[in-house]
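Any value given below was found using the heavy atoms of this structure, including those in side chains, with hydrogens, waters and symmetry copies removed.
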Amino acid sequence: MSTASSTVLEPAWFTRPTCVVAADLVGKVLCRKLTDSDGSEKVLRMRISETEAYIGLEDPACHSHAGTRTERTEIMYAQGGVFYVYLTYGIHYLLNMITAVAESPESVLIRAGFLTEDSDRLIDEQYQSADKQLTHPKQFAGPGKLTKRLQIDRDLYGKSIEPTSDVWIEDDGCAPPISLRPRIGIDYAGDAKDWLLRYVWTDHPSLSKK
DNA sequence: CCGAGGATTGACT
DNA sequence: GTCAATCCTCGGG
């Protein structure tokens with residue numbers, strides 16, 4: 001159990017400007033309710049160390065740039081406070097949170113995090129035995145590795161960011177130092193590849209790249 | 001209908 | 001440094 005008092009962030013928290021939400025999410029706790037092998041429900045808690053902002057119509061790197069509106073991106077046009085999950089490279093699910101107001105198709109990508117000390121140990125050990133490739137079982141430096149650990153997939157698409165969705169965010173007052181970096185993996189986006197829209201916990205070991 | 005490519009990762013030269 | 005894996009999405013014909 002956590003010693004510091006925590007509050008659950010409400011969906012309305014995510015309706016604020018995207019860059020503010022992206023910065024504020026660093027240090028927050030991403031919570032995932034899972035069913036353990038014995039049938040009991042457990043909660044994994046992963047503290048977020050890195051995020052990226054995708055700022056909508058005028059952002060060439062954003063799926064909704066220039067008002068692109070498809071079946072996949074439809075959820076981006078919803079009011080902030082819901083999840084956007086999609087499959088990339090046919091392999092990895094990426095976890096995003098929709099931000100800002102309705103019809104402003106912006107989101108925050110969760111890129112990295114690390115398990116907190118009160119995360120359930122049974123699930124942790126279960127996962128380690130199932131995936132021996134993992135060298136740092138508590139650090140998840142990359143958006144695909146993070147979703148794999150938390151067992152997040154398309155089922156979460158469009159769900160509200162709150163405990164009834166089995167994925168939610170808690171704030172326990174942690175406010176780490178934050179640095180800005182260019183976003184990763186968007187070389188196709190022209191000048192936007194240099195925009196400082198990646199928010200990292202300064203010098204934290206769990207970051208996805210340097 | 002079909003082809004191209006991806007908000008990645010891990011393995012390998 | 002290079003490259004394959006793997007499949008859904010998207011745009012073009």
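- Between the side-chain ring of A:Y54 and the base of B:dA7, a stacking contact exists by the 5.5 Å and 30° definition.
- Partners of A:H204 under the ring-ring contact (aromatic ring centres under 6.0 Å, His included) rule, at least two apart in sequence or in another chain, are A:F114, A:W201.
- Among residues two or more places apart in sequence or in another chain, the ring-ring contact (aromatic ring centres under 6.0 Å, His included) test is passed with A:Y86 by A:H63, A:Y84.
- Checking the phosphate oxygens (OP1, OP2) of B:dA7, no side-chain nitrogen or oxygen of A:R198 falls inside 4.0 Å.
- Between A:E71 atom CD and C:dG11 atom C1' the separation is 15 Å, expressed in whole Å.
- Remark: A:S64 OG to A:I55 CD1 distance equals 10.0 Å, nearest 0.5 Å.
- With both ends at atom C1', the span from B:dA7 to C:dG1 equals 23 Å, rounded to whole Å.
- Note that CZ of A:F14 is 5.5 Å distant from CE of A:M97, once rounded to the nearest 0.5 Å.
- Within 4.0 Å of A:L109, counting heavy atoms only, lies at least one base atom of the nucleic acid.
- Within a heavy-atom distance below 4.0 Å of DNA chain C, the residues of residues 88-98 of chain A found are A:Y89, A:G90, A:I91.
- The CG-C1' distance, from A:D153 to C:dC8, rounds to 14 Å in whole Å.
- Between the side chain of A:S208 and the main chain of A:A141, no donor-acceptor pair closer than 3.5 Å is present.
- Residue A:R69 is out of contact with every strand shown, counting any heavy-atom pair closer than 4.0 Å.
- Of the candidate nucleotides B:dG6, B:dG10, C:dC10, C:dC10 has the atom nearest to the side chain of A:T70.
- Between A:E170 and A:R45 there is a salt bridge, since at least one side-chain N of the basic residue sits less than 4.0 Å from a carboxylate O of the acidic one.
- Here B:dA7 is the nucleotide among C:dG11, B:dA7, B:dG10 with the atom lying nearest to any side-chain atom of A:Y86.
- Remark: the backbone N or O of A:V29 is not paired with any side-chain donor or acceptor of A:R47 at under 3.5 angstrom.
- One interatomic measurement links the two molecules: CG of A:L87 to C1' of C:dA5, which rounds to 12 Å at whole-angstrom precision.
- Within the 4.0 angstrom heavy-atom criterion, no nucleotide atom of any strand lies near A:R183.
- Rounded to whole Å, atom P of C:dC8 lies 14 Å from atom CG of A:D155.
- Between the CD atom of A:E52 and the C1' atom of B:dG6 there is a distance of 14 Å, rounded to whole Å.
- The phosphate of C:dC10 (OP1 or OP2) has a side-chain N or O of A:R72 nearer than 4.0 angstrom.
- Within the model, atoms CG of A:L57 and OG of A:S104 stand 6.5 Å from one another, a figure rounded to the nearest 0.5 Å.
- In DNA chain C, consecutive stretches of 3 or more Watson-Crick or G-U wobble pairs with both distances under 3.5 Å are given as paired ranges: B:1-6 with C:7-12, B:8-12 with C:1-5.
- Judged by the 6.0 Å and 45° rule, A:R111 forms no cation-pi pair with A:Y199.
- Here the CG atom belonging to A:L150 is positioned 7.5 Å from the CZ atom belonging to A:R32, to the nearest 0.5 angstrom.
- Note on A:K148: every side-chain N or O is 4.0 Å or more away from OP1 and OP2 of B:dT8.
- Nucleotide C:dT9 holds its P atom 11 Å from the NE2 atom of A:H63, rounded to whole Å.
- Remark: nothing in residues 73-85 of chain A comes within less than 4.0 Å of DNA chain B through any heavy atom.
- Here C:dC10 presents its C1' atom at 10 Å from NE2 of A:H65, a figure rounded to the nearest Å.
- If you check every strand for non-hydrogen atoms under 4.0 Å, A:T51 touches nothing.
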Full working for salt bridge (Lys or Arg N to Asp or Glu O under 4.0 Å) between A:D24 and A:R16: CA-CA 11 Å; A:D24 284 356; A:R16 300 176 303 145; 3.0 Å; yes
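- Here the CD-SG distance, from A:E52 to A:C62, works out to 11.5 Å after rounding to the nearest 0.5 Å.
- In this structure, CG of A:D187 is placed 13 Å from C1' of B:dT8, rounded to the nearest angstrom.
- Among residues at least two apart or in separate chains, salt bridge (Lys or Arg N to Asp or Glu O under 4.0 Å) pairs with a member in residues 83-104 of chain A are A:R69-A:E103.
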